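Since this is a predicted model, take the numbers as computed values, not measurements.
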Amino acid sequence: MKQVKLEGPCKAPLEFQLQGTLEASPDPKILPEGEWFTVNYLNQFTLSGTGIFDGQGKAAWAQNDCAKTKCAHLPYNLSFNFLNSSTIQDITSKDSKNFHMNVNGCNNLTFNRITITAPKESINTDGIHVARSKNVNITDSVIGTGDDCISVGDELEQLHITKVTCGPGHGISVGSLGKTPGEKPVVGVYVKNCTFINTDNGVRVKTWPASHQGVVTELHYEDIIVQNVSNPIVIDQVYCPYNQCNKDLPSLVKISKVSIKNVKGTSRTQDAVLLLCSKGVPCEGVEVGDIDITYNGKEGPAKTSCENVKPTFVGNQNPPVCAGAHTA
């Protein structure tokens with residue numbers, strides 16, 4: 001299938017069912033606009049069925065060298081723009097050339113029982129990227145990619161992620177933020193009852209150093225299981241992939257009202273918890289509840305690192321987080 005656009009407005013609810021497999025051309029030049037299956041300007045839209053959107057991205061990943069140049073603008077498998085009161089359910093996205101699903105300008109959008117799959121070597125294949133949207137729910141889904149299972153851009157209000165299994169991939173990430181001027185706040189991200197298996201990160205917030213101003217507030221992580229995860233809990237305000245920035249200047253993205261409760265499992269590295277906040281705008285209102293993360297490597301037990309943050313604590317933390325900080 002070449003590029004397809006379903007575009008409203010329509011006067012009644014519309015359901016699109018996919019039962020078979022749709023394949024994109026392996027050649028990314030066939031889709032010059034950076035989108036493959038796009039749905040725009042609809043209310044009460046449903047995308048359903050047990051079918052597969054196969055982006056056939058292997059050749060495109062080989063051409064996409066983000067370390068040497070900017071990541072290429074390759075096609076997303078699925079793009080959802082300006083949808084209201086809509087549902088995406090039961091479908092599979094496979095081997096996208098770029099993000100599997102891109103969500104922009106949506107309100108009251110639910111993803112339910114979604115499967116997303118790509119090899120861990122696939123570059124820039126975020127599972128679901130959500131930005132400039134309100135009231136988005138992602139539930140009962142399995143996501144394994146070469147990048148973030150779920151990533152959050154700016155101007156987002158109320159994202160609820162529940163019962164998602166992530167792996168392989170880079171975890172569930174807010175950001176990266178602060179690179180572009182005029183970014184609007186991220187308010188309300190709730191991650192609950194999620195499992196991370198063999199991922200590079202678990203729950204992560206990432207902002208650029210030497211950044212433009214921004215706001216991230218009301219992040220709540222609860223009942224999280226990590227299995228062999230490199231960095232289970234990360235706030236990284238010196239996020240600088242491929243050394244494309246000045247690490248000497250602080251991030252100006254303000255992070256506040258963060259809770260991390262009941263995180264259990266195993267870390268692949270010693271760094272179980274990294275709370276590396278900005279020296280320019282330190283994190284505020286960070287609460288850490290029960291944590292039990294173990295590491296069995298030869299270097300010694302799991303550890304934590306904290307900068308420019310003074311969390312409060314409830315319950316027990318193993319390993320101890322930010323030793324010497326205030327305990328509630």
Salt bridge check, [Y] against [X]: does any charged N sit closer than 4.0 Å to a carboxylate O?
{"X": "Asp292", "Y": "Lys264", "value": "no"}
{"X": "Arg268", "Y": "Asp200", "value": "yes"}
{"X": "Lys120", "Y": "Asp147", "value": "no"}
{"X": "Glu287", "Y": "Lys261", "value": "yes"}
{"X": "Asp95", "Y": "Lys58", "value": "no"}

N/O donor-acceptor pair under 3.5 Å between Gln317 side chain and Val314 backbone:
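It does hold such a pair.
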State yes or no: do [X] and [Y] share one hydrophobic cluster built from I, L, V, M, F, W and Y residues joined by side-chain heavy-atom distances below 4.5 Å, directly or via other members?
{"X": "Leu18", "Y": "Ile88", "value": "yes"}
{"X": "Val203", "Y": "Val234", "value": "no"}
{"X": "Leu109", "Y": "Ile172", "value": "yes"}

Determine the interplanar angle of the [X] and [Y] rings, folded into 0 to 90°, and report it as parallel if under 30°, tilted if 30 to 60°, perpendicular if over 60°.
{"X": "Trp36", "Y": "Phe53", "result": "perpendicular"}
{"X": "Phe80", "Y": "Phe111", "result": "perpendicular"}
{"X": "Trp208", "Y": "Tyr239", "result": "perpendicular"}

Which heavy atom in Gly171 sits nearest to a heavy atom in Cys166, and how many Å separate them?
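That would be CA-SG, 3.8 Å.
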In this structure, which one of Lys184, Arg132, Lys179 forms a salt bridge (Lys or Arg N to Asp or Glu O under 4.0 Å) with Asp154?
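Of Lys184, Arg132, Lys179, salt bridge (Lys or Arg N to Asp or Glu O under 4.0 Å) with Asp154 is met by Arg132 alone.
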